Amino acid sequence: MDSSPSLPATTPAKAQPVLVLQGGGALGSYQAGAFQALCHFDFDPDWVAGISIGAINAAIIAGNEREKRVERLKEFWDMVSQPVSWNPIVPGDRARSLFNETSAAIIATFGVPGFFTPRFPPAPLWPAGSASALSYYDTAPLKKTLERLVDFDRINDLKTRLSVGAVSVTSGNFKYFDNFEFRKFGKKIEPEHIMASGALPPGFPSVIIDGEHFWDGGIASNTPLDYVLEQEAKRDLIIFQVDLFSARGDLPQTLLEAAEREKDIRFSSRTRMNTDKNRQIHNARMAVRDLISKLPDYLKNEPSVEYLREAAKENTVTVVHLIYRSKNHESNSKDYDFSHIGVVEHWNAGVRDVHVSMRHKDWLERPQPGETMITYDLTRDGDGAAAIKRSE
């Protein structure tokens, strides 16, 4: 009977490729740029999981053939970005911050094409309990956009695994809509499942699925990493986790900076917690395997040891963490500033960070004989060569 202390060494390059996308509104174009760059390195995910705007990007990726994915992402982000002209009198971060705040205010007033429109009359004027009284915007345009840009037949034919998370309004329970799991019960992923994952209140209305109201999954957890690790414990995984809020940041100097920093911490801390927790679980399983290997032979076939041996089996996981790190001119409105210039900047940042991360690809071939979960933040220091380290 095998009592080896660890699984055979593996390399990330041979593992199942997974893409994990956090929520973050307008910042989601960073994920699209990152994906475009990953395609340059022949990255083709078997599984895409997303929350909120990450769910929309995930649906576009999973719901299109490989050669059409970047084109469809560009089509979506070109449509929702606003071509507001910018010609500040005084150059610099302060002028750009003013532009961003003005752009966000315009978007809040008039909505985003193909995504959401303001309610008229406004929500407070509708009867209590009516659907229109519970949100400032109508997301009906998003359904049409998803139907146009996403091939749901492809998703439901299980060409690529897709998982998107949402929260029940009444129970508060988190739930994932997963095409692989749905197939077991004869169910299908529809546009409403993607919309539910991005239904952030009070801006957007809840989405009814099977008689239950759902809100944005980011309310409970802004990253699907935990779900992916819970669902797959056999095959080795190489996970590119693209986050839109950074846990680290400078001390705020203004009220707007304080609001931005609070939002960054609120939406990034769960990612850090999930990563740390799962690394601890993996290391605990490794310790159990090591302990079993040191038991005397007469104990190794005990039922309790057999149980622990089975429970300690696991896969090897490599997480490559790509994190959007804000510019100095961005503030609390960065996740709803859909200005064209902002969308392009975020997209280009995603492209750049992937190229930095892949500059030295030796980590893809590096075996992991001693640890079963390693997390890399390859862009923290701005140099892929210097930043091959576990994120803290």
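What you see is a predicted model, and the numbers here were worked out from it, not measured in a lab. Worth knowing before you read on, the calculation uses all heavy atoms, side chains too, and leaves out hydrogens, waters and symmetry mates.
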Inset, instruction - Compute whether any side-chain donor of one residue and acceptor of the other, for Trp47 and Gln231, lie under 3.5 angstrom apart. - result: no

Inset, instruction - Could you check if a side-chain atom of Ser221 sits within less than 4.5 angstrom of a side-chain atom of Ile51, using non-hydrogen atoms only? - result: no

Legend entry - Val344 with Phe76, same ILVMFWY side-chain cluster at under 4.5 Å: no

Inset, instruction - Could you check Gln241 against Val320 for side-chain contact (heavy atoms from CB on, under 4.5 Å), going step by step and ending with a plain yes or no? - result: CA-CA 6 Å; Gln241 180 181 349; Val320 181; over 6 Å; no

Legend entry - Residues forming a ring pair (Phe, Tyr, Trp, His ring centres under 6.0 Å) with His355, sequence neighbours excluded: His40, Phe41

Legend entry - Apart from Phe180 itself, residues in the same hydrophobic cluster as defined by side-chain heavy atoms under 4.5 Å: Leu158

Legend entry - Electrostatic pair Lys74:Glu71 at N-O distance under 4.0 angstrom: no

Legend entry - Distance-minimising heavy-atom pair for Ala49 and Ala58: C-CB, 4.5 Å

Inset, instruction - Write down the atom of Ile155, the atom of Ala59, and the distance for their closest heavy-atom approach. - result: CD1-O, 4.0 Å

Legend entry - Non-neighbouring partners of Leu251 that pass side-chain contact (heavy atoms from CB on, under 4.5 Å), sequence neighbours left out: Gln253

Inset, instruction - Could I get the full list of ring pair (Phe, Tyr, Trp, His ring centres under 6.0 Å) partners for Tyr227, not counting sequence neighbours? - result: Tyr176

Inset, instruction - Evaluate the salt bridge (Lys or Arg N to Asp or Glu O under 4.0 Å) criterion for residues Glu75 and Arg72: first the C-alpha distance (whole Å), next the side-chain angles of each, then the deciding distance (0.1 Å), finally the verdict. - result: CA-CA 5 Å; Glu75 188 174 349; Arg72 289 289 184 267; 3.8 Å; yes

Inset, instruction - Provide the full list of ring-ring contact (aromatic ring centres under 6.0 Å, His included) pairs with a residue in residues 130-170, sequence neighbours left out, each pair given once. - result: Phe116-Tyr137

Inset, instruction - Could you tell me which residues satisfy salt bridge (charged side-chain N to carboxylate O under 4.0 Å, His left out) with Asp335, sequence neighbours excluded, listed by chain and number? - result: Lys263

Inset, instruction - If a pair satisfies salt bridge (Lys or Arg N to Asp or Glu O under 4.0 Å) and one of its residues is in residues 35-45, list it, with sequence neighbours excluded. - result: Asp42-Arg66, Asp44-Arg66, Asp44-Arg69

Inset, instruction - Provide the closest heavy-atom pair for Leu322 versus Phe240 in the form atom of the first, atom of the second, distance. - result: CD1-CD2, 4.2 Å

Inset, instruction - Report yes if the side chains of Thr160 and Ile61 come closer than 4.5 Å at any heavy-atom pair, otherwise no. - result: no

Legend entry - Residues forming a ring pair (Phe, Tyr, Trp, His ring centres under 6.0 Å) with His193, sequence neighbours excluded: Phe177, Phe182

Legend entry - Other ILVMFWY residues reachable from Leu291 by side-chain steps of under 4.5 Å: none

Inset, instruction - Scan Asp337, Ile341, Val112, Val343 and name whichever one has a side-chain contact (heavy atoms from CB on, under 4.5 Å) with Ser81. - result: Val343

Legend entry - Side-chain donor or acceptor of Ser132 paired with backbone N/O of Ala123 under 3.5 Å: no

Inset, instruction - Mind jotting down which residue pairs meet the salt bridge (Lys or Arg N to Asp or Glu O under 4.0 Å) criterion with at least one end in residues 186-201? Sequence neighbours excluded, please. - result: Lys143-Glu192, Lys187-Asp210

Inset, instruction - Taking the side chain as every heavy atom from C-beta outward, state whether Leu162 and Asp178 have any atom pair closer than 4.5 Å. - result: no

Legend entry - From CA spacing to verdict: side-chain contact (heavy atoms from CB on, under 4.5 Å), Arg261, Asp250: CA-CA 8 Å; Arg261 189 74 198 107; Asp250 297 330; over 6 Å; no

Legend entry - Residue pair Arg359, Val356: steps toward the side-chain contact (heavy atoms from CB on, under 4.5 Å) verdict: CA-CA 5 Å; Arg359 189 178 300 165; Val356 169; 3.4 Å; yes

Legend entry - Whether Ser197 side chain and Gly165 backbone form a donor-acceptor pair below 3.5 Å: yes

Inset, instruction - Give the C-alpha distance, both sets of side-chain angles, the deciding distance and a yes or no for salt bridge (Lys or Arg N to Asp or Glu O under 4.0 Å) between Glu314 and Arg289. - result: CA-CA 10 Å; Glu314 60 178 338; Arg289 294 195 301 270; 2.9 Å; yes

Inset, instruction - Determine, using the 4.5 Å side-chain heavy-atom cutoff (strictly less than), whether Val48 and Ile189 are members of one ILVMFWY cluster. - result: yes

Inset, instruction - Mind listing the closest non-hydrogen atom pair of Ala128 and Ala133 along with its distance? - result: CA-CB, 4.5 Å

Legend entry - For Leu299 against Val305, the heavy-atom pair lying closest together: O-CG2, 3.3 Å

Inset, instruction - Indicate whether any N or O donor in one side chain lies under 3.5 Å from an N or O acceptor in the other, for Ser268 and Arg248. - result: no

Inset, instruction - Report yes if some heavy atom in the side chain of Arg183 is under 4.5 Å from a heavy atom in the side chain of Asp157; otherwise report no. - result: yes

Inset, instruction - Answer yes or no: is there an ion pair linking Arg309 with Glu306, defined by an N-O contact shorter than 4.0 Å? - result: yes

Legend entry - Euclidean distance, Ile56 CD1 relative to Leu149 CG, rounded to 0.5 Å: 10.5 Å

Legend entry - Minimum side-chain heavy-atom gap Pro113-Val80 below 4.5 Å: no

Inset, instruction - Please say whether more than 12 non-hydrogen atoms of neighbouring residues, nucleotides or ligands are located less than 6.0 Å from CG in Leu255. - result: no

Inset, instruction - Start with the C-alpha gap between Ser163 and Val228, add the side-chain angles, then the distance that decides, and say whether side-chain contact (heavy atoms from CB on, under 4.5 Å) holds. - result: CA-CA 9 Å; Ser163 309; Val228 169; over 6 Å; no

Inset, instruction - Establish whether Val354 and Val351 are linked, either directly or via other cluster members, by ILVMFWY side-chain heavy-atom contacts under 4.5 Å. - result: yes

Inset, instruction - Indicate, with yes or no, if Phe267 and Ile323 share a hydrophobic cluster defined by side-chain heavy-atom contacts under 4.5 Å among Ile, Leu, Val, Met, Phe, Trp and Tyr. - result: no

Inset, instruction - Report yes or no: do Ser52 and Asp216 form a side-chain donor-acceptor pair below 3.5 Å? - result: yes

Inset, instruction - Start with the C-alpha gap between Glu65 and Arg154, add the side-chain angles, then the distance that decides, and say whether salt bridge (Lys or Arg N to Asp or Glu O under 4.0 Å) holds. - result: CA-CA 8 Å; Glu65 297 177 0; Arg154 186 183 193 281; 5.7 Å; no

Legend entry - Residues Gln22 and Thr223: side-chain donor-acceptor under 3.5 angstrom: no

Which pairs of donor and acceptor atoms, one on a side chain in residues 199-209, lie under 3.5 Å apart (sequence neighbours left out)?
{"residue": "Ser206", "atom": "OG", "partner": "His213", "partner atom": "ND1", "Å": "2.8"}

Inset, instruction - Would you tell me whether Asn348 and Tyr30 have side-chain atoms, one donor and one acceptor, within less than 3.5 Å of each other? - result: no

Inset, instruction - Evaluate the side-chain proximity of Asp46 to Pro17: yes if any heavy-atom separation is below 4.5 Å, no if none is. - result: yes

Inset, instruction - Taking the side chain as every heavy atom from C-beta outward, state whether Phe245 and Asn222 have any atom pair closer than 4.5 Å. - result: yes

Legend entry - Main-chain N/O of Ser171 paired with Ser168 side-chain donor or acceptor, under 3.5 Å: yes

Inset, instruction - State yes or no: do Ile281 and Leu237 share one hydrophobic cluster built from I, L, V, M, F, W and Y residues joined by side-chain heavy-atom distances below 4.5 Å, directly or via other members? - result: no

Inset, instruction - Report yes if the side chains of Ile239 and Val317 come closer than 4.5 Å at any heavy-atom pair, otherwise no. - result: yes

Legend entry - Verdict with supporting geometry, Tyr324 and His346, ring pair (Phe, Tyr, Trp, His ring centres under 6.0 Å): CA-CA 8 Å; Tyr324 176 70; His346 300 148; 5.1 Å; yes

Inset, instruction - State, to 0.1 Å, how close Thr316 and Asp236 come at their nearest heavy-atom pair, and which atoms those are. - result: N-OD1, 2.8 Å

Legend entry - Partners passing salt bridge (charged side-chain N to carboxylate O under 4.0 Å, His left out) against Glu181 (at least two apart in sequence or in another chain): Arg161, Lys184

